[in-house]
A.B. asks: 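Please see the structure below; I have some questions.
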Amino acid sequence: MNIIFLGPPGAGKGTQAQIVCANLGIPQISTGDMLRSAIAHQTETGLKAKSYMDAGQLVPDAVVIAIVKERLTDVDCKNGYVLDGFPRTVEQAQALAVFAGIDKVVNIAVQDEVLVKRLSGRRVCPACGATYHVALLSGETKCAADGTTLIQRDDDKPETVLNRLNVYHRQTAPLIDFYQRKGILCVVDGSQGLEHVTTAILDTLGATR
Ligand code: ADP
Ligand code: ADP
């Protein structure tokens with residue numbers, strides 16, 4: 001099954017994609033992770049993306065569309081995938097429709113007040129990308145998987161968070177309508193506890209644990 005996880009920054013797309021992908025045995029394709037890796041490796045794509053990401057703006061459509069198009073040709077995508085953080089504009093969705101058939105779009109809905117708390121408390125492992133929240137870390141500062149010291153993403157600092165939420169409402173939220181009209185949208189209440197959200201997503205995908 002080819003799946004899109006749609007939702008504002010901080011909705012839990014990455015957290016849920018990791019769990020659901022492990023459950024379904026399909027890859028998680030996160031454009032945010034791919035772009036951060038490109039920046040770390042100072043590739044041409046990374047150089048093009050950095051200033052936009054630092055400012056909380058979207059990276060130009062052509063750059064993101066090209067990396068997703070290439071990634072979807074990899075053999076591990078043959079039996080399905082979860083797109084986490086792509087598409088984020090109607091232009092990206094239209095381009096995607098030309099090179100991929102999407103079966104389901106899961107919109108993870110969360111109110112802005114909750115998102116601000118989630119983003120400002122998010123901590124990530126710079127080595128493996130695992131995501132945590134300070135509220136659940138009880139003072140722990142290292143990654144449970146590899147012991148690396150956790151960091152706060154630059155774009156999770158307060159001055160960028162509000163900007164990213166505005167960008168979401170202006171440029172990405174129109175995709176809810178776009179996919180509803182195609183009849184493949186389902187909505188999950190992402191403000192519930194983590195496990196409830198996972199169960200709701202698996203139910204809506206018709207998958208069992
Ligand atoms: P996104 O990929 O949509 O930006 P993340 O998966 O990175 O969102 O989650 C954002 C933050 O919220 C992280 O710190 C994560 O640990 C936390 N989080 C995710 N889902 C939940 C949930 N259901 N309840 C509480 N916190 C959550
Ligand atoms: P979040 O998990 O908080 O939603 P991501 O890790 O998905 O954030 O994305 C981080 C940043 O990477 C975005 O603010 C944007 O600058 C860039 N980015 C990621 N995906 C896309 C995309 N599909 N189109 C344009 N920019 C993107």
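Values below: all heavy atoms of this structure, side chains included; hydrogens, waters and symmetry mates excluded. Both counts, for ligands and for their atoms, begin at 1 and track the order of listing.
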A.B. asks: Please write down residue, atom name and distance for the protein heavy atom closest to atom 7 (O) of ligand 2.
C.D. replies: R88 NH1, 3.1 Å
A.B. asks: Can you sort out which atoms of ligand 1 are near T15, meaning under 4.0 Å from one of its heavy atoms?
C.D. replies: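 Near T15, meaning under 4.0 Å from one of its heavy atoms, ligand 1 has 5 (P), 6 (O), 9 (O), 15 (C), 19 (C).
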A.B. asks: If we ignore hydrogens and angles and just use 3.5 Å, is the side chain of T148 paired with the main-chain N or O of C143 as donor and acceptor?
C.D. replies: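 No; zero donor-acceptor contacts below 3.5 Å.
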A.B. asks: Under a 4.0 angstrom heavy-atom cut-off, which atoms of ligand 1 come close to P8?
C.D. replies: 3 (O)
A.B. asks: Are D154 and R36 ion-paired here, with the side-chain N under 4.0 Å from a carboxylate O?
C.D. replies: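 Salt bridge between D154 and R36, a charged N being under 4.0 Å from a carboxylate O: no.
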A.B. asks: So, is the end of the K50 side chain (NZ or CZ) under 6.0 Å from the ring centre of Y52 and within 45° of the ring's axis?
C.D. replies: no
A.B. asks: Write out the residue and atom name of the closest protein heavy atom to atom 2 (O) of ligand 2, then the distance separating them to 0.1 Å.
C.D. replies: R122 NH1, 3.5 Å
A.B. asks: Counting each atom of ligand 1 from 1 as listed, which ones have a heavy atom of G193 under 4.0 Å away?
C.D. replies: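 Within the 4.0 Å cut-off of G193, ligand 1 contributes 23 (N).
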A.B. asks: Could you check whether any side-chain N or O of N107 sits under 3.5 Å from a backbone N or O of A109, counting only pairs where one atom can act as donor and the other as acceptor?
C.D. replies: no
A.B. asks: Which protein non-hydrogen atom lies closest to atom 16 (O) of ligand 2, naming both residue and atom, and how far is it?
C.D. replies: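 Result for atom 16 (O) of ligand 2: Q57 O, 2.6 Å.
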A.B. asks: Report yes if some N/O of L58 lies less than 3.5 Å from some N/O of ligand 2; otherwise report no.
C.D. replies: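 Min N/O separation from ligand 2 is not below 3.5 Å for L58.
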A.B. asks: Compute the shortest N/O to N/O distance between G12 and ligand 1 and return yes if it is under 3.5 Å, no if not.
C.D. replies: yes
A.B. asks: Is V59 close to ligand 2, meaning an N/O of one under 3.5 Å from an N/O of the other?
C.D. replies: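 Such a contact does occur with ligand 2.
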A.B. asks: Do side-chain atoms of Q18 reach the backbone of G14 as a donor and acceptor pair under 3.5 angstrom?
C.D. replies: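 Not a single qualifying donor-acceptor pair exists.
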A.B. asks: Using a strict threshold of under 4.0 Å (side-chain N to carboxylate O), is an ion pair present between R164 and D156?
C.D. replies: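 Here D156 pairs with R164 in a salt bridge, since their nearest N and O are under 4.0 Å apart.
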A.B. asks: Suppose we measure from atom 14 (O) of ligand 2 to each protein heavy atom; which comes out shortest, and what is that distance?
C.D. replies: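 Atom 14 (O) of ligand 2 sits closest to the protein heavy atom R164 NE, 4.0 Å.
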A.B. asks: Tell me which protein heavy atom sits closest to atom 21 (C) of ligand 1, plus the residue, atom name and distance to 0.1 Å.
C.D. replies: R118 CZ, 3.6 Å
A.B. asks: With heavy atoms under 4.0 Å as the rule, classify the contact between D156 and ligand 2 as side chain, backbone, both or neither.
C.D. replies: neither
A.B. asks: What's the shortest distance from atom 10 (C) of ligand 2 to any protein heavy atom, and which residue and atom give it?
C.D. replies: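 For atom 10 (C) of ligand 2, the nearest protein heavy atom is R153 NH2, 3.5 Å.
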A.B. asks: Could you tell me the residue and atom name of the protein heavy atom closest to atom 11 (C) of ligand 2, and the distance to it rounded to 0.1 Å?
C.D. replies: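 Nearest neighbour among protein heavy atoms for atom 11 (C) of ligand 2, to 0.1 Å: M53 CE, 3.8 Å.
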A.B. asks: Other residues, nucleotides and ligands only: do more than 12 of their heavy atoms fall within 6.0 Å of CG on D189?
C.D. replies: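 More than 12 heavy atoms, drawn from other residues, nucleotides or ligands, come within 6.0 Å of this atom.
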A.B. asks: Which protein non-hydrogen atom lies closest to atom 24 (N) of ligand 2, naming both residue and atom, and how far is it?
C.D. replies: Q92 NE2, 2.9 Å
A.B. asks: Which ligand 1 atoms does P9 reach within 4.0 Å, using its non-hydrogen atoms?
C.D. replies: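 Within the 4.0 Å cut-off of P9, ligand 1 contributes 4 (O).
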A.B. asks: Does a side chain donor of either D155 or T160 reach within less than 3.5 Å of an acceptor in the other side chain?
C.D. replies: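 Result is no, nothing qualifies.
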A.B. asks: For ligand 2, which atoms have a heavy atom of V64 less than 4.0 angstrom away?
C.D. replies: 22 (C), 23 (N), 24 (N), 25 (C)
A.B. asks: For T198 and L194, indicate whether the former's side chain and the latter's backbone hold a donor-acceptor pair under 3.5 Å.
C.D. replies: yes
A.B. asks: Show the atoms of ligand 2 that are less than 4.0 angstrom away from any heavy atom in R36.
C.D. replies: 6 (O), 10 (C)
A.B. asks: Looking only at atom types and distance, does a side-chain atom of T199 sit under 3.5 Å from a main-chain N or O of E195, one as donor and one as acceptor?
C.D. replies: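 At least one qualifying donor-acceptor pair exists.
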A.B. asks: Under 4.0 Å from any heavy atom of Y132, which atoms of ligand 1 are there?
C.D. replies: 13 (C), 14 (O), 16 (O)
A.B. asks: For atom 20 (N) of ligand 2, what is the closest protein heavy atom, and at what distance to 0.1 Å?
C.D. replies: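 Protein heavy atom at minimum distance: T31 OG1, 2.8 Å.
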A.B. asks: If we only count N/O pairs under 3.5 Å, is G10 in contact with ligand 1?
C.D. replies: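 Yes; the residue has a nitrogen or oxygen that sits under 3.5 Å from a nitrogen or oxygen of the ligand.
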A.B. asks: Would you say ligand 1 has an N or O under 3.5 Å from any N or O of Q192?
C.D. replies: yes
A.B. asks: Any N or O on K13 sitting closer than 3.5 Å to an N or O of ligand 1?
C.D. replies: yes
A.B. asks: Give the residue and atom name of whichever protein heavy atom lies nearest to atom 13 (C) of ligand 1, and the separation in Å to one decimal.
C.D. replies: T131 CG2, 3.6 Å
A.B. asks: With a 3.5 Å distance limit and no angle check, can you tell me whether D103 reaches the backbone of N2 through a side-chain donor-acceptor pair?
C.D. replies: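 Yes; judged by distance alone, with no hydrogens or angles, the pair exists.
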A.B. asks: If we only count N/O pairs under 3.5 Å, is G121 in contact with ligand 1?
C.D. replies: no
A.B. asks: Is a side-chain donor or acceptor of K69 paired with a backbone partner of V64 at a separation under 3.5 angstrom?
C.D. replies: no
A.B. asks: Keeping the roles fixed (side chain from Y132, backbone from A144), state whether a donor-acceptor pair exists under 3.5 Å.
C.D. replies: yes
A.B. asks: Quick one: CG on L119 to NZ on K157, what's the gap to the nearest 0.5 Å?
C.D. replies: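 If I round to the nearest 0.5 Å, the distance is 13.5 Å.
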A.B. asks: Kindly say whether A55 contributes a backbone atom to a donor-acceptor pair with the side chain of N163 at under 3.5 angstrom?
C.D. replies: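 The answer is yes, because a donor-acceptor pair under 3.5 Å joins these two groups.
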